[in-house]
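Structure record follows, encoded as structure tokens.
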Amino acid sequence: MTRKFFITTAIDYPNSRPHIGTAFEKIGADVQARYRRMEGYDVHFLMGNDENTVKVSRRAAELKRDTQEYCNDMANQFKEVWRALDISFDDFIQTSEPRHHAGCQKFIQKVFDNGYIYKGSYDGLYCDGCEGFKTEKEVKEAGGVCPDHKVAPVVRQEPCYFFALSKFQDRLLEYYEKNADFIQPDSRRNEIVTLVKTELRDVNITRLGQQWGIRVPFDPEFTIYVWFDALLNYITAIGYCSKPNGDAGAVGMSFEKWWPADIHFIGKDITRFHCALWPAMCFAAGIEVPTLVYGHGFITSGGEKMSKTLGNIVEPHEVTAIAGADGYRYYFMRECPFPGDGDFSWDRLKIVFNSDLGKNLGNLLSRVTTLIVSNYSCVLDGTAGQTPSPIVLNLANVVKEVRGHMEACQYNIALERIWRQILDPANQYVDKNEPWKLVKTDKDATRLVLFNLIEPLRAAAILLKPVLVRSSETIYRSFNFTQPWEKVSYADVANRPAQADDMRVIAKLDERGKVPPLFPVIK
RNA sequence: CCCGGGGUGGAGCAGUGGUAGCUCGCCAGGCUCAUAACCUGGAGGUCGCAGGUUCAAAUCCUGCCCCCGGAACCA
């Protein structure tokens with residue numbers, strides 16, 4: 001029986017286009033999704049946009065556009081960016097969709113019926129210009145005024161509904177205790193445990209007098225506050241509210257099948273919402289709590305936090321333009337430890353791309369294929385059914401190690417292992433055996449050397465499939481392996497499926513009669 | 001103030017008591033099949049600071065300094 005695996009990423013505000021920081025999370029999630037699919041899991045990979053915020057409707061108004069139309073346009077732009085990075089999402093939810101609205105209302109009603117929502121009043125700093133409350137922090141940072149309107153906000157009291165978060169303190173702590181892996185990486189755990197132990201307060205989950213947003217079903221004067229709405233995308237997308245008649249539900253999806261989520265990928269800044277508020281909401285509504293929340297690190301640009309004023313915001317297309325989607329994915333997965341922070345710089349991109357991808361990997365393919373093409377007319381006669389002599393002696397261990405790092409989202413370490421344990425030995429083997437010399441005196445021996453060298457290329461291609469989506473396939477399809485590319489899994493790396501035909505180079509050759517460079521050098 | 005994480009050659013990291021290691025970059029040599037690639041060797045660190053424990057500390061203890069993070073719309 002295949003195991004289901006439900007992966008989500010945080011939904012993004014569509015106020016501005018995604019940058020390399022936003023994309024970092026999606027790539028990490030995508031690598032996990034692709035890895036799990038290879039390993040035979042039934043994967044559902046969800047992404048989306050968070051549209052029910054005042055900021056979105058205000059931004060649309062500024063542009064003199066209809067809010068919904070603006071959201072749809074932005075959602076299309078986001079999806080375009082994700083596709084350009086080969087992010088293999090299965091579903092993309094917009095929180096303005098009927099399936100989300102219906103699901104949210106069902107959920108909040110359920111929590112209300114279960115007695116965890118009560119009416120009260122909220123004291124806050126209110127800005128007339130914004131027609132909304134500002135946080136103390138916001139006002140303080142702006143020097144005592146509204147950061148947008150530069151006017152001192154007034155204290156205002158307003159009726160609202162509270163979610164009784166504080167009632168779940170014990171259950172939350174017990175859940176953390178029993179599920180040691182719930183919060184990843186471990187460094188985030190303490191923070192949350194302390195938080196829940198010390199300052200768990202009930203939260204205001206409504207707003208008054210807003211047009212855009214989701215109505216509170218038991219009091220339609222109110223709209224649902226964004227966090228109480230946003231988190232629900234994880235369940236509304238998979239049919240939390242689907243009805244037998246199909247009305248408002250996600251087509252063909254089954255909440256029962258997919259929930260709970262196996263991994264929520266989020267930024268470290270919103271860990272608390274996902275590790276405290278969200279599980280409490282699940283308890284309150286009587287649904288299961290997600291299995292794992294993974295709070296990844298942030299990306300700086302040129303050593304600085306990305307900001308408009310510094311002008312160092314980098315958009316994905318700028319990077320793919322010179323490194324391609326695979327170069328892009330490799331850079332961030334290899335250079336930036338997923339649990340921690342990482343930096344992007346153009347210098348570093350060039351170095352990493354040329355050295356790791358061009359020199360170590362791409363050039364290995366070139367030197368091996370060219371020797372086979374020019375000396376053996378592409379075919380290594382008599383190799384059908386043969387087993388190559390291993391260049392990597394402990395390949396099974398390497399696979400085991402890489403697999404462990406992939407599952408722990410330690411992508412940078414997984415990649416480092418592949419380079420050090422597989423590609424370096426392969427390049428050294430070429431140098432030691434000097435097939436270009438050997439071929440002049442012993443063509444049979446050389447044939448075996450080359451045959452052996454195809455093996456680490458096959459291993460690397462398979463192990464890299466989740467990261468180097470396109471070039472791993474190009475490497476694999478340069479040869480006539482019996483096992484189809486669509487079917488390869490990590491298990492095939494050490495347990496090489498029998499090769500039916502003589503090994504040969506089947507890549508399309510360029511005008512020079514060679515296999516074209518995989519990763520042309522960035523000047 | 002308090003809590004958590006961290007400070008190791010130019011950059012990024014390993015390393016929890018016993019001659020300080022890896023990747024990239026840099027320099028030199030080798031080689032020439034290959035994307036001027038690849039291989040080998042080298043320079044470069046008083047392991048944040050100051051004490052202490054020990055035959056022996058990056059590694060244990062104490063104090064201090066610095067950086068990052070620490071609930072409300074923020075990737």
Side-chain angles (χ1 to χ4, degrees), chain A residues 9-13 16 18-26 50 52-55 124 132-138 165 185-201 203-205 207 225-230 266-273 276-277 296-299 303 305-306 313 334-337 340-343 345 347-348 351-352 354-375 412-413 416 419-420 424 426-439 446 450 514-522:
Chain A
T9 60
I11 50 177
D12 298 300
Y13 292 121
S16 52
H19 53 64
I20 53 175
T22 333
F24 184 47
E25 171 178 303
K26 317 307 176 196
D50 188 3
N52 298 323
T53 78
V54 193
K55 279 189 180 172
F133 289 95
K134 301 272 112 184
T135 65
E136 276 180 36
K137 192 174 158 194
E138 267 182 302
L165 179 59
D186 290 331
S187 52
R188 298 267 141 227
R189 267 181 69 81
N190 292 335
E191 226 168 275
I192 298 299
V193 171
T194 312
L195 170 84
V196 170
K197 271 185 181 157
T198 58
E199 44 180 329
L200 203 63
R201 277 177 272 154
V203 289
N204 175 3
I205 55 163
R207 286 293 127 102
Y225 169 67
V226 281
W227 270 112
F228 208 86
D229 139 6
I266 59 161
K268 63 181 182 180
D269 55 332
I270 54 176
T271 312
R272 44 187 37 70
F273 298 110
L277 176 61
H296 63 77
F298 283 173
I299 299 297
K305 188 174 176 174
M306 271 186 277
I313 293 178
R334 176 70 184 86
E335 277 299 292
C336 309
D341 295 342
D343 187 55
S345 76
D347 280 352
R348 193 71 198 148
I351 289 168
V352 169
N354 288 344
S355 153
D356 289 3
L357 295 179
K359 296 182 191 179
N360 293 333
L361 177 58
N363 187 54
L364 176 64
L365 178 71
S366 290
R367 60 201 313 209
V368 171
T369 52
T370 303
L371 284 163
I372 296 173
V373 170
S374 52
N375 294 299
N412 61 325
I413 303 176
E416 193 259 351
W419 257 255
R420 298 291 82 80
D424 284 356
N427 272 315
Q428 286 159 7
Y429 181 86
V430 181
D431 211 60
K432 195 188 292 173
N433 288 282
E434 303 181 303
W436 55 92
K437 272 186 192 164
L438 187 64
V439 74
T446 311
L450 294 171
K514 293 180 169 189
V515 172
L518 252 192
F519 301 102
V521 170
I522 297 174

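Heavy atoms of A:L518 sit under 4.0 angstrom from at least one base atom. No contact: A:I20 has no heavy atom under 4.0 Å from any strand. Using a 4.0 Å heavy-atom cutoff across all strands shown, A:R420 reaches sugar-phosphate atoms only and no base atom. Within 4.0 Å of A:I299, counting heavy atoms only, lies at least one base atom of the nucleic acid. Note on A:L438: nothing from the nucleic acid sits closer than 4.0 angstrom, heavy atoms only. Across all strands, A:T370 comes closer than 4.0 Å only to sugar-phosphate atoms, never to a base (heavy-atom distances). Residue-level contact check: A:N354 touches neither bases nor backbone, having no heavy atom under 4.0 Å from any strand. Base contact: A:V203 has a heavy atom under 4.0 Å from a base atom. Using a 4.0 Å heavy-atom criterion, one finds that A:N363 contacts the bases of the nucleic acid, with or without backbone contacts as well. Backbone-only contact: A:K437 has heavy atoms under 4.0 Å from sugar-phosphate atoms and none from a base. No engagement by A:F24 is indicated, since no non-hydrogen atom pair under 4.0 Å with the nucleic acid exists. A:K432 comes within contact range of no nucleotide atom at all, as no heavy-atom separation falls under 4.0 Å. Residue contacts for A:G362: at a heavy-atom cut-off of 4.0 Å it reaches a base atom on one of the strands shown.
Computed from coordinates, the A:Y429 OH to B:C33 P distance equals 19 Å when rounded to whole Å. Residue A:I313 contributes atom CD1, which lies 9 Å from atom P of B:A75 at whole-angstrom precision. Atom CD1 in A:I266 sits roughly 13 Å away from atom C1' in B:A71 (whole-Å rounding). Summarising the geometry, the separation between CG on A:D343 and P on B:U23 is reported as 22 Å, rounded to the nearest angstrom. We find that CG of A:D12 is positioned 7 Å from C1' of B:A75, with the value rounded to whole Å. Distance CG (A:D50) to P (B:A75): 11 Å, rounded to an integer number of Å. Atom CG of A:D431 and atom C1' of B:C39 are 4 Å apart (whole Å). One can place CH2 of A:W419 at 13 Å from P of B:C38, the figure rounded to the nearest angstrom.
What you find for A:T446 and A:P435 is that their closest heavy atoms are CG2-O, 3.6 Å.
Considering only side-chain atoms of A:W436, the nucleotide from B:C74, B:C33, B:A71 that sits closest is B:C33. The side chain of A:F273 lies closest to B:C74, out of B:C24, B:C33, B:C74. Of the candidate nucleotides B:C39, B:U35, B:C38, B:C38 has the atom lying nearest to any side-chain atom of A:K359.
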Contact pattern, 5' to 3', of nucleotides 6-16 of chain B - B, S or - by protein heavy atom under 4.0 Å: -----------
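The gap from the C1' atom of B:G12 to that of B:C26 amounts to 16 Å, rounded to the nearest Å. B:A14 sits 28 Å from B:C3 when the C1' atoms are compared, rounded to a whole Å. Atom name P, nucleotides B:C64 and B:A28: the rounded distance is 49 Å, in whole Å. Comparing the P positions of B:U19 and B:A56 gives a spacing of 14 Å, expressed to the nearest Å. One C1' atom belongs to B:U40, the other to B:C31, and the distance between them is 10 Å to the nearest Å. Spacing of C1' atoms, B:G15 relative to B:G6, comes out at 15 Å, to the nearest Å. If you take atom C1' in B:G4 and the same atom in B:U23, they sit 29 Å apart, rounded to whole Å. The gap from the P atom of B:A57 to that of B:C1 amounts to 33 Å, rounded to the nearest Å.
Position along RNA chain B of the nearest nucleotide to A:H19 versus A:L357 favours A:L357 as the more 5'-ward residue. Nearest-nucleotide positions on RNA chain B place A:R334 closer to the 5' end than the other of A:R334 and A:R272.
Put simply, A:K514 has a side-chain N or O that comes within less than 4.0 Å of OP1 or OP2 on B:U35. Dashed line: the shortest gap from a side-chain N or O of A:N204 to OP1 or OP2 of B:A72 is not under 4.0 Å.
Shown here are the side-chain contact (heavy atoms from CB on, under 4.5 Å) partners of A:E434, two or more places apart in sequence or in another chain: A:W436, A:K437.
Atom CD in A:Q428 sits 12.0 Å away from atom CG in A:N433 (nearest 0.5 Å). Note that CZ of A:R420 and CG of A:N360 are 6.5 Å apart. Values are rounded to the nearest 0.5 Å. Distance CG/A:L371 to CG/A:L438: 10.5 Å, rounded to 0.5 Å. Here the CG-CG distance, from A:D356 to A:L361, works out to 9.0 Å after rounding to the nearest 0.5 Å.
Of the possible polar contacts, one joining the A:N354 side chain to the A:I522 backbone as a donor-acceptor pair under 3.5 Å is found. A donor-acceptor contact shorter than 3.5 Å links the side chain of A:H296 to the backbone of A:I266. Side-chain atoms of A:T370 do not come within 3.5 Å of backbone N or O of A:R367 as any donor-acceptor pair.
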